Amino acid sequence: MYLRIAGVEKESVVDGPGLRYVIFVQGCEHDCPGCHNPQTHDRNGGETVELAALLQDICSRKLLKGVTFSGGEPFLQARPLSILGRELKKRNYDIVTYSGYYFEELMAMSVRNPDIRNLLQVTDWLIDGPFIIGRRDLSLPYRGSTNQRIIDVAVSLKQGSLWQTKLA
Ligand code: SF4
């Protein structure tokens with residue numbers, strides 16, 4: 001199976017805790033004013049990569065703690081990302097997923113789309129919501145604006161209500 005990506009950052013310390021492999025997926029419909037990655041918006045842009053090749057590249061880097069799915073909008077490609085995420089979880093990587101949707105919207109979407117539920121289930125921490133330029137705050141860890149939250153997905157799904165965390 002293939003994933004359409006804008007690019008990868010093979011060793012990052014700014015997209016989640018510890019040393020991480022970051023996948024910037026291609027395609028986003030949120031169109032947030034002030035977006036830092038406008039080149040990721042076109043759903044037909046970027047390049048396609050095989051999941052197996054991505055997995056092999058990640059596993060070849062022994063110091064990585066986790067993987068971050070960024071964008072673009074990861075939930076537009078929930079199926080391949082959930083499959084990749086499942087393989088990564090088997091190998092004990094933690095997963096941060098960014099989304100321009102809020103957690104509540106994703107939960108509502110997941111009722112009709114099991115791939116969205118599956119991507120949530122392999123995500124340890126969801127950083128949710130669109131970037132809002134009027135609420136921009138450069139001091140926030142891992143986020144661009146104050147409306148965005150860091151959500152412990154496993155706890156939230158288990159409790160049935162949203163559980164925020166600091167992830168510092
Ligand atoms: S969700 Fe992210 S990638 Fe998409 S427009 Fe907003 S800031 Fe840009």
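Side chains are part of it too, since the values below use all heavy atoms of this structure and drop only hydrogens, waters and symmetry mates. Keep in mind that this is a model prediction, so the values were computed, not measured. Residue numbers run from 1 in the order of the sequence given. In each ligand, atom 1 is the first atom listed, and ligand 1 is the first ligand listed.
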Take Tyr93 and Cys59, measure what side-chain contact (heavy atoms from CB on, under 4.5 Å) needs, and give me the verdict at the end. CA-CA 10 Å; Tyr93 293 98; Cys59 294; 4.0 Å; yes

Nearby protein N/O/S atoms (those under 2.8 Å) for atom 4 (Fe) of ligand 1, with water ignored: Cys28 SG

Please collect all salt bridge (Lys or Arg N to Asp or Glu O under 4.0 Å) contacts where either partner lies in residues 12-41, sequence neighbours excluded, each pair once. Arg20-Asp94, Glu29-Arg43

Taking 4.0 angstrom as the limit, do Asp124 and Lys89 come out as a salt bridge? yes

Please give me the minimum heavy-atom distance between Gly129 and Tyr102, naming the atom from each residue. CA-CE2, 3.5 Å

For Glu47, the salt bridge (charged side-chain N to carboxylate O under 4.0 Å, His left out) test, sequence neighbours excluded, returns none

Only distances under 3.5 Å count here; give the side-chain donor-acceptor pairs of residues 106-122 to other protein atoms, sequence neighbours excluded, each with its distance to 0.1 Å.
{"from": "Ser110", "atom 1": "OG", "to": "Met107", "atom 2": "O", "distance (Å)": "2.7"}
{"from": "Asn113", "atom 1": "OD1", "to": "Asp115", "atom 2": "N", "distance (Å)": "2.9"}
{"from": "Asn118", "atom 1": "ND2", "to": "Pro114", "atom 2": "O", "distance (Å)": "3.3"}

